[in-house]
Structure formats: structure tokens, C-alpha cells
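Taking it in order: structure first as C-alpha cells, then the write-up.
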Amino acid sequence: MTDISVTLAGIPLTACVYNASGPRTGSSAAMSKIAKSASGGVLAKSATVASQKGNDLPRTWHEDNGKASLNSEGLPNNGIDYYISPQTISETMDGNPNKPYMVSISGKNLADNLEMLKKISSTIENGSVSIAAVELNLACPNIVGKPTIGYDFEQMEDVLKQVASLPCFSGSKPLFPLGVKMPPYFDRPHFEMAATILNKYKHIVSYAASINTVGNALAIDFHAEMPAIRAKGGFAGLSGPAVKYTALANVKQMRELLDKSIDVVGVGGVQTGRDAFEMILCGATAVQVGTCHWVEGPGCFDRICDELKAIMKEKGYTKVEDFCGKLKEWSKEGVALSRQMKMA
């Protein structure tokens, strides 16, 4: 039997594939469809303290061939109170008690993030809801006038220092697992600096999700001779298959550099079971799907999970741990095997 369930940050996931925060996660009605799919869990929309509409429309764009997408949404969401309310969680997870519900936060500043973490802590402590984990977004590139925290290492360390000082993280065991959403890195010293900071706070950081969109991409409307997106002069976050190879490299390097107690979640360009397999091979404990979910809908989770199971069966793997983080070194024997399989 092929088993694709995993344990991420101490949380059992029914499948190693689940949704990224963002597309189709703004409401309980949308998230309930994820819960009913093969997705291993449900991750809510990145929340701010108060609800907000986000950037002006149009703020998304898809390449006609499906190879790339851009978004400059500016975090439209219903506010943190909505995503941690018993009603929202009940409507989302109704009939799916074995799947975890996770919250994502992306405050406009440090004070906002601390306020939201305090609200989440109070909600969990009073026992009214079940929130399995919180993902802190350190990587959003689409807030006008705000820097990407994950590229400002001094700011990033200060954020984690302040978060670690909260009562929910000051005991012998955190009140809940904390994940961090990371931006893409392109230079080895930057990987090392980011990992050093995360390792310093390994007592509160349970997983790192790599990557968020590649910031400051630009699509042109050829006929109108203007940007395809209205906000920020057209500059937006690049996602979809175009970022897969950058994502694979980030997963591989973060897995090499992070303490073993910090799991890695692979995100970026995952459209197929093969994409998910490659992420896991590079060291991802689990895989998030964003743009494909945006375009295809929650049915993508059933398809991707089925494709992953088929690949595992073909390769003789019965569980995810059999191949997780076991990318082999390049070899002539490997080239010969690949050539043979392509000709078969």
C-alpha cells in the first residue's frame, strides 16, 4: 500500500500535499472545498489585523501557455478575527475532523504580527477552536511601501526575537507550531544568513516554507503597450511553473543548512505528482500548491496526490520517508539509467 501521509512540525497530515496560503483561501466556503479534497490539511489566507481589500484591479495575470503567473494582490483578506473564529473553522472543516486547520499571518508591521499571535494564543487557550499551526509570512513582496522581511536579515532576526518573547513561546514547549514563509534566495551567503537566524530560533520555528513568489516581475500588455497589472507600476510576484527550479534549489539548500528539527515545506511551481516528488526528493517534508490550485481549483489536490502515489508505486516506494531528502549525486551511471528510461 502506498502511504503519502506525513508528520509536519509534529502535525499529522493525511497527505504530504496541501494548499498554500493565498488562492481560494479567503472564505470558509472556499476553504471547505480544500478540506473535502485530498489535500493533507487546510491553510487559511494570510491575515492582517483588520480586513482589507488589497491592491487595485487588475492585480493578477496568467501567461496564455500556463507557464507563468503574476500577482500583486496586496493581501486582501477578512482579518484575523474571521480566520480564528469558531464559526469559520467549523464551516471550513465540517466533516473532516482528521485534517489540520492552520492559520497564516502577514501583519503590516511587527506590532501587528505580535497582536495577531496574542489573539491566536488566547483563542487556543480558551479551547473554543482547534488551530494546528501558524505560518508567519516573512516573504510578501506586494505591500506598497513595505520591504520583504526575509531579505532584511537584521529586521528578520528582530521579528523572531520579539515573537520568541511572547508567553506562547516562552515555556518549555510552544503553545502551537510556528512556521515561517520564506522568500526565494539566489546567493549562497544569503541562504546561510537566513538559515543561521532560523536555527537560532529553532525552539520556536518548526518549519520553513520555501518559496514565496519571486518579487518584482513584470508582464507587458503587448497591444496596449502598458503593464498587465495595475498596482505598483505593474511589478508583481512571479509564480507557477516558471519558478519551480528556483524553488527546488531553495528547498535543497535550506534542508542542507537548517537544523534537523526544522522541517522544510516545498512551494513554487508544483503542478503534478512529479513536481511534488522532486520537492520531497530535495528534502521537503511536505509540499504546498498555490498557483495550480488558483487555476485548476481544489480538484488539483486529488490529481496530484494520485500522480504521486503512481510514481511511488512505479519506483517501489511505499511511504514518503523512503525518498525524502535522498537526492543522489550526479553520476555517469545515473545518466545511463536516465537515457535508458527515456528510450523505454
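Everything quoted here is computed from the prediction, not taken from an experiment.
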*asked:* Working note: Ile105 + Val134, criterion side chain to side chain contact (heavy atoms under 4.5 Å, CB included); need CA distance, chi angles, decisive distance, verdict.
replied: CA-CA 7 Å; Ile105 61 173; Val134 176; 4.3 Å; yes
Say you draw a straight line from [atom1] of [X] to [atom2] of [Y]; how long is it, rounded to the nearest 0.5 Å?
| X | Y | atom1 | atom2 | value |
| --- | --- | --- | --- | --- |
| Gln253 | His190 | CD | NE2 | 12.0 Å |
| Ser21 | Asn212 | OG | CG | 9.0 Å |
| Ile262 | Thr285 | CD1 | OG1 | 11.5 Å |
| Asp275 | Glu307 | CG | CD | 9.0 Å |
| Cys282 | Leu248 | SG | CG | 5.0 Å |
| Ile89 | Asp94 | CD1 | CG | 13.0 Å |

Under the 3.5 angstrom rule, does the side chain of [X] hit a backbone N or O of [Y] as a donor-acceptor pair?
| X | Y | answer |
| --- | --- | --- |
| Ser90 | Gln87 | no |
| Gln162 | Leu110 | no |
| Arg230 | Pro58 | no |
| Ser338 | Val335 | no |
| Thr92 | Thr88 | yes |
| Tyr18 | Ala38 | no |
| Asn113 | Gly107 | yes |
| Arg59 | Ile229 | no |
| Lys99 | Ala35 | yes |
| Thr213 | Gly215 | no |

Can you tell whether the side chains of [X] and [Y] come within less than 4.0 Å, N to carboxylate O?
| X | Y | result |
| --- | --- | --- |
| Glu333 | Lys328 | no |
| Glu256 | Arg188 | yes |
| Arg303 | Asp306 | no |

CZ/Phe186: more than 12 non-hydrogen atoms of other groups inside 6.0 Å: yes
Quick check: is [Y] connected to [X] through a chain of hydrophobic side chains (ILVMFWY, heavy atoms under 4.5 Å apart)?
| X | Y | value |
| --- | --- | --- |
| Leu136 | Phe153 | yes |
| Phe301 | Val295 | no |
| Leu238 | Tyr245 | yes |
| Phe235 | Met226 | no |
| Trp294 | Val17 | no |

Heavy atoms, side chains only, cut-off 4.5 Å: are [X] and [Y] in contact?
| X | Y | result |
| --- | --- | --- |
| Leu198 | Met182 | yes |
| Tyr151 | Pro183 | yes |
| Ile211 | Asn250 | yes |
| Val320 | Cys16 | yes |
| Asp322 | Lys319 | yes |

Any idea which heavy atoms bring [X] and [Y] closest together, and the distance?
| X | Y | answer |
| --- | --- | --- |
| Met279 | Gly266 | SD-CA, 3.9 Å |
| Cys300 | His293 | SG-CA, 3.7 Å |
| Ile11 | Pro100 | CG2-CB, 3.7 Å |
| Asn137 | Ala139 | OD1-N, 2.8 Å |
| Ser121 | Phe176 | OG-CE2, 3.6 Å |

*Mind running side chain to side chain contact (heavy atoms under 4.5 Å, CB included) on Lys119 and Ile84 for me, showing each step along the way?*
CA-CA 9 Å; Lys119 282 192 172 190; Ile84 63 175; 4.1 Å; yes
Assess, by modelled atom type and distance only, whether the side chains of [X] and [Y] contain a donor and an acceptor separated by less than 3.5 Å.
| X | Y | value |
| --- | --- | --- |
| Ser46 | Ser106 | no |
| Asp81 | Ser85 | no |
| Ser72 | Asn55 | yes |
| Glu135 | Ser104 | no |

(Q) Angle between ring planes, Phe323 versus Phe277, binned at 30° and 60°: parallel, tilted or perpendicular? (A)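 Parallel: the ring planes of Phe323 and Phe277 meet at under 30°.
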Original post:
What do the steps show when you test Glu157 against Lys200 for salt bridge (charged side-chain N to carboxylate O under 4.0 Å, His left out), and what is the final call?
Top reply: CA-CA 9 Å; Glu157 179 156 15; Lys200 182 177 178 179; 2.5 Å; yes
Requested in this report: Apply the test side chain to side chain contact (heavy atoms under 4.5 Å, CB included) to residues Met31 and Lys45: give CA-CA distance (whole Å), side-chain angles for both, the deciding distance (0.1 Å), then the verdict.
Outcome: CA-CA 9 Å; Met31 292 189 289; Lys45 183 84 169 178; over 6 Å; no
Check: After noting the C-alpha distance and the side-chain angles of Asn77 and Thr48, does the key distance pass the side-chain hydrogen bond (donor to acceptor under 3.5 Å, both in side chains) rule?
Finding: CA-CA 7 Å; Asn77 72 96; Thr48 49; 2.9 Å; yes
Report task. Let me see the working for Lys202 and Asp259 under salt bridge (charged side-chain N to carboxylate O under 4.0 Å, His left out), right down to the final yes or no. Result -> CA-CA 7 Å; Lys202 64 183 180 182; Asp259 187 88; 3.4 Å; yes
Give the C-alpha distance, both sets of side-chain angles, the deciding distance and a yes or no for side chain to side chain contact (heavy atoms under 4.5 Å, CB included) between Val42 and Met102.
CA-CA 6 Å; Val42 178; Met102 297 163 276; over 6 Å; no
- Query: By the rule that ILVMFWY residues connect when side-chain heavy atoms come within less than 4.5 angstrom, directly or transitively, which residues belong alongside Leu337?
  - Reply: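 ILVMFWY cluster around Leu337 also holds Met341.
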Worksheet item: Which residues pass the side-chain contact (heavy atoms from CB on, under 4.5 Å) test with Pro12, sequence neighbours left out?
Response: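 Testing Pro12 for side-chain contact (heavy atoms from CB on, under 4.5 Å), a comparison that skips the adjacent residues, returns none.
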Do the two ring centres, one from Tyr83 and one from Tyr101, sit under 6.0 Å apart?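 Ring centroids of Tyr83 and Tyr101 are no less than 6.0 Å from each other.
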Output, in order, the C-alpha distance, side-chain angles, deciding distance and verdict of side-chain hydrogen bond (donor to acceptor under 3.5 Å, both in side chains) for Ser239 and Thr291.
-> CA-CA 7 Å; Ser239 64; Thr291 300; 2.7 Å; yes
Run Tyr201 and Phe169 through ring-ring contact (aromatic ring centres under 6.0 Å, His included) and show every step you take. CA-CA 11 Å; Tyr201 292 94; Phe169 295 114; over 10 Å; no
> Yes or no on side-chain hydrogen bond (donor to acceptor under 3.5 Å, both in side chains) for Thr148 and Asp152, after CA distance, side-chain angles and deciding distance?
Replying inline: CA-CA 7 Å; Thr148 300; Asp152 183 342; over 6 Å; no
